[in-house]
Protein chains: 2
Amino acid sequence: MISKRLSELRKKKQWSLQYIADQLNIAKSTYAGYESGYRQPSLEAVKELAVLFGTTTDYLLGVTDKEQPTIELTHLTFHMTIDGEPVTEDEIIQLIAFIRTKRELEKHKK
Amino acid sequence: MISKRLSELRKKKQWSLQYIADQLNIAKSTYAGYESGYRQPSLEAVKELAVLFGTTTDYLLGVTDKEQPTIELTHLTFHMTIDGEPVTEDEIIQLIAFIRTKRELEKHKK
DNA sequence: AATAAAGGTACGCGAATCGCGAACAATTTT
DNA sequence: AAAATTGTTCGCGATTCGCGTACCTTTATT
C-alpha cells in the first residue's frame, strides 16, 4: 500500500527518486525499494515522507484514503493558527459568519 | 516516541500487554518491546494499533504532538469545509486577510 | 546523430533488527 | 500464602534493512 501511495505522490509532484533520497538522506536505491515494495521504510522515514509530501502518515499507510484531511470548521474539533498565532474560538466564529455572509451575497448576485 | 504514546494510551485504557498482543496476534514480548523501545512495530502493526486505540498513526508516530492537530492556515495543506461546503482557496486567502486586519485593529486599540 | 547526463530498476552483501519463547520479577486475585 | 496474571528482559534464528553497484531507459547537450 505505501509503495503505491509513494509512487503516486512522487509522480504527481514530478520529483525524481534521487531528489527524495537526498531530502531524506538515504540512498536512491533505498527509496526506490520503498516504491517497488522491495523494502519497507522505517517509521522515521514514513514520518519524514509524510511531511515531505504534505500529507499524513495515515494516508501513506492506507489507514485513510484521503490525501488531505478535510475539516469542517463549524465542528471546532481542532486547533488552528494564522502566522503562527492561535486562532481563538471567537475568531473562528467570526470567520464562519464572514464566509456565510459572503456566500449569501454571492447567491443573490446571480 | 511511539513507545511513549503506546504506553500512555494503553494505561489510559487499562489494557494489559497480553490483551493487545492477542488483538494483533503477536507475542506479548513483542508488544512489550514496542513499549520499552526495544523493538519497533512493523508498519502494519502501527496501522492496527492506531485503529485499536482509536487514534491516528500521525499521533502514534509523533507527527502531531497534540491530540487535536494544529493547522497553520497560511500553508494551505488541507481541505476545509463550512456547512459542508468546500472553502475555496480564494476564500481562505480572504479569511487570512480578515483575521490579520482584525488583529491589527486590536493592536491599535491598546 | 552521437554522446553525456539523469532517471529508474534489480540484486548481493554485511549489518541491523525483527518476532518469538523462555525465564523471572512484580503485582493482583483467590 | 498460593495461584494467577501482568510486566520486563534477553538470546536465538530468521528476516529484512540500507548501501553500493551494475545496468537499462529516457532526456538533454553538442
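Order of the sequence lines sets the chain letters (A, B, ...), proteins ahead of strands, with each chain counted from 1. Computation of the quantities below employed the complete heavy-atom set of this structure, encompassing side-chain atoms and omitting hydrogens, waters and symmetry-equivalent molecules. These figures come from a predicted structure and were not determined experimentally.
When rounded to the nearest whole Å, the span between NZ of K11(B) and P of dG7(D) equals 9 Å. Distance, Q18(A) CD to dT27(D) P: 18 Å, rounded to whole Å. When rounded to the nearest whole Å, the span between CG of L6(A) and P of dG8(C) equals 14 Å. Rounded to an integer number of Å, the gap from D22(B) CG to dT5(D) C1' is 13 Å. Here dT6(D) presents its P atom at 12 Å from CD1 of I20(B), a figure rounded to the nearest Å. One interatomic measurement links the two molecules: OH of Y38(A) to C1' of dC17(D), which rounds to 10 Å at whole-angstrom precision. Distance L17(B) CG to dT8(D) C1': 9 Å, rounded to the nearest Å. Nucleotide dT17(C) holds its P atom 16 Å from the CD atom of Q40(A), rounded to whole Å.
Under 3.5 Å, the side chains of D90(A) and Q94(A) contain no donor-acceptor pair of N or O atoms.
Along DNA chain C, the nucleotide closest to W15(A) and the one closest to A27(B) are compared, and the more 5′ of them pairs with W15(A). Residues S36(B) and K28(A) both approach DNA chain D. Their nearest nucleotides, taken by heavy-atom distance, put S36(B) toward the 5′ side.
Residue contacts for S16(B): at a heavy-atom cut-off of 4.0 Å it reaches the sugar-phosphate backbone alone, with no base atom in range. Within the 4.0 angstrom heavy-atom criterion, no nucleotide atom of any strand lies near E35(A).
Atom NZ of K102(A) has more than 12 heavy atoms from other residues, nucleotides or ligands within 6.0 Å.
The listed nucleotides are dC20(C), dC18(C), dC17(D); the one nearest the side chain of I26(B) is dC20(C).
Here Y34(A) reaches the OP1 or OP2 of dG18(D): one of its side-chain N or O atoms lies under 4.0 Å away. Checking the phosphate oxygens (OP1, OP2) of dG21(C), no side-chain nitrogen or oxygen of S29(B) falls inside 4.0 Å. Considering only side-chain N and O atoms, R39(A) lies under 4.0 angstrom from the phosphate OP1 or OP2 of dC17(D).
Between R5(A) and L60(A), the shortest heavy-atom contact is CG-O, 3.8 Å.
No salt bridge links E106(A) with R103(A); every basic N to acidic carboxylate O contact stays at or beyond 4.0 Å.
Follow the hydrophobic side-chain contacts under 4.5 Å out from V51(B) and you never reach L6(B); the two are in separate clusters.
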